[in-house]
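For reference, the structure is listed below as structure tokens.
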Amino acid sequence: MSQRPEEIQHRLQSLDEIGDVVGALRAIAAGHASSADTAVRAIDAYAGTVTHALATSLAASAPQMETEGPGLLLVVGAAQGFCGAYPEHIAVAAQSTLKPGMGLVVIGARTEDMLKAAGQTPLWSADLPGHPAAIPALASQTTDVLVEQSVHYPGVIYALTGSVHAGHNPTLSRLFPPAPPEGGTSQIPPIMTLPAAELLTGLLQEALFASVARVMMQGAETEARARVEAMARAQNNLRKRRTEVEQAYQQARQEQMTTEMIELSTYKR
């Protein structure tokens with residue numbers, strides 16, 4: 001027995017309500033992605049300033065930093081759902097990247113839950129903020145955690161997050177120690193008002209903070225863009241579903257009218 005037109009019309013209204021929610025989620029995610037992209041460019045400029053300071057002022061006298069040991073892995077994944085398979089891809093990549101004895105720090109509750117389900121417990125974790133404006137404060141806190149944990153897990157600090165390009169494939173980058181500056185170093189001693197060792201320590205911490213902030217902002221942008229794409233797919237599916245329900249409504253309405261006409265034509269006084 002086919003459904004009544006009134007019931008099908010109610011389904012159409014429900015689909016329209018879901019479509020409004022999906023459209024709002026897509027618009028919010030697009031705004032977050034745009035804000036994160038602008039912030040990444042600002043962070044790059046800041047990181048460039050720190051790198052230049054290291055190269056021109058202290059690189060020539062900087063000691064070689066020891067990098068032996070298991071090191072740390074900072075994973076910046078997804079905070080929420082509705083972004084397709086992106087959280088799962090990050091979790092799978094993190095499991096394959098982790099080496100024996102390596103410390104794990106996770107940003108993003110959704111990805112953290114997946115890693116815990118796979119038996120990977122982080123040393124420290126936090127959720128990725130919903131708005132990019134809150135990321136610098138979290139990046140500062142995360143930098144402190146990485147510095148503290150590096151005592152127990154010496155070695156290179158790596159970061160894993162998604163790429164903002166098509167596919168949002170996980171990318172692995174080196175956070176610390178920073179890569180040697182390109183183009184050589186300045187041989188002219190700079191004018192300093194701080195002891196060289198103290199200035200070097202401060203610049204290295206700033207370089208780590210800049211790297212952490214950038215990878216977090218990149219992760220936020222990637223999650224937002226993955227959500228935009230997921231919501232776009234959902235909108236396409238909703239349009240197809242609505243077309244099918246509209247056709248069912250027209251058919252049910254036609255059947256109802258036909259039934260009423262038959263009843264009227266066979267009515268006897």
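Count residues from 1 along the sequence.
- Taking 4.5 Å as the limit, every side-chain heavy atom of Val105 sits out of range of all side-chain heavy atoms of Leu73.
- The closest side-chain heavy-atom distance from Lys99 to Pro70 is not below 4.5 Å.
- Interatomic distance, Asn169 CG to His89 NE2, rounded to the nearest 0.5 Å: 8.0 Å.
- Ile43 is not listed as a side-chain neighbour of Gln218, based on a closest heavy-atom distance of 4.5 Å or more.
- Summarising the geometry, atom CG belonging to Leu160 is positioned 6.0 Å from atom CG belonging to Leu172; distances are rounded to the nearest 0.5 Å.
- Considering only heavy atoms from C-beta on, Val215 comes within 4.5 Å of Leu74 through its side chain.
- Side chains of Leu123 and Tyr153 form a contact here, defined as non-hydrogen atoms less than 4.5 Å apart.
- Side-chain contact check for Arg214 versus Asp44: some heavy-atom pair is nearer than 4.5 Å.
- Cluster membership for Val40 and Val76, using ILVMFWY side-chain heavy atoms within less than 4.5 angstrom, is shared.
- Leu128 and Val228 fall into different hydrophobic clusters, where Ile, Leu, Val, Met, Phe, Trp and Tyr side chains are chained together by heavy-atom contacts under 4.5 Å.
- Contact check on Arg227 versus Glu223 returns a salt bridge, with a Lys/Arg side-chain nitrogen under 4.0 Å from an Asp/Glu carboxylate oxygen.
- Using a 4.5 Å cut-off between side-chain heavy atoms of Ile, Leu, Val, Met, Phe, Trp and Tyr, with links allowed through other members, Leu204 and Leu146 fall into the same hydrophobic cluster.
- Screening residues 120-131 for side chain to side chain donor-acceptor pair (under 3.5 Å), with sequence neighbours left out, gives Glu112-Ser125.
- A pairwise comparison of heavy atoms in Val147 and Ser150 identifies O-OG, 2.6 Å as the closest pair.
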> Between Leu104 and Gln149, is a side-chain contact (heavy atoms from CB on, under 4.5 Å) present by the stated rule, with each step listed?
Replying inline: CA-CA 10 Å; Leu104 176 64; Gln149 292 296 334; over 6 Å; no
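- Cluster annotation: Ile18 and Leu12 are assigned to the same hydrophobic cluster (Ile/Leu/Val/Met/Phe/Trp/Tyr, side-chain heavy-atom contacts under 4.5 Å, transitive).
- In this structure, OH in Tyr158 is found 11.5 Å from CG in Leu72, a value given to the nearest 0.5 Å.
- Inspection of the His32 and Glu221 side chains reveals no N or O donor paired with an N or O acceptor under 3.5 Å.
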> Passes side-chain contact (heavy atoms from CB on, under 4.5 Å), Glu244 versus Arg241? Steps please.
Replying inline: CA-CA 5 Å; Glu244 295 173 355; Arg241 183 58 180 159; 3.1 Å; yes
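- Taking all atoms of both residues into account, the shortest heavy-atom contact from Tyr86 to Ala226 is CB-CB, 4.0 Å.
- For the pair Thr111 (side chain) and Ala78 (backbone), a donor-acceptor distance under 3.5 Å is present.
- With contacts defined as side-chain heavy-atom distances shorter than 4.5 Å, the pair Leu138/Pro129 qualifies.
- Taking every heavy atom of both residues into account, Leu238 and Gly19 meet most closely at CD1-CA, 3.7 Å.
- For the pair Thr171 and Ser163, the minimum side-chain heavy-atom distance is below 4.5 Å.
- Linking ILVMFWY side-chain heavy atoms closer than 4.5 Å, directly or via other members, places Val50 and Phe209 in a single hydrophobic cluster.
- Counted by atom type alone, Asn236 and Arg233 present zero donor-acceptor pairs between their side chains at under 3.5 Å.
- Atoms OG1 and CD, on Thr49 and Glu206 in that order, are 11.0 Å from each other to the nearest 0.5 Å.
- Pairs of residues two or more places apart, or lying in two chains, that qualify as side chain to side chain donor-acceptor pair (under 3.5 Å) and include a residue from residues 9-24 are Gln3-Arg11, Asp16-Arg242.
- In this structure, Ala210 and Ala47 approach most closely via the heavy-atom pair CB-CB, 3.9 Å.
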> Given the rule in the side-chain contact (heavy atoms from CB on, under 4.5 Å) test, do Arg239 and Thr243 qualify, once you have shown the distances and angles that lead to the verdict?
Replying inline: CA-CA 6 Å; Arg239 281 192 288 267; Thr243 299; 5.5 Å; no
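- Taking all atoms of both residues into account, the shortest heavy-atom contact from Met231 to Val22 is O-CG1, 3.5 Å.
- Atom CD1 in Ile90 sits 7.5 Å away from atom OG1 in Thr222 (nearest 0.5 Å).
- When all heavy atoms of Pro132 and Ser35 are compared, the closest pair comes out as CG-CB, 4.0 Å.
- Panel note: side chain Ser140, backbone Pro136; no donor-acceptor pair is recorded below 3.5 Å.
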>> Could you walk me through whether Leu175 and Val212 satisfy the side-chain contact (heavy atoms from CB on, under 4.5 Å) test, starting with their C-alpha distance in whole Å, then the side-chain angles of each, then the deciding distance to 0.1 Å, before giving a yes or no?
In response: CA-CA 7 Å; Leu175 295 183; Val212 170; 4.1 Å; yes
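- Of the inter-residue distances, the one linking Met216 atom CE with Ile107 atom CD1 reads 4.0 Å to the nearest 0.5 angstrom.
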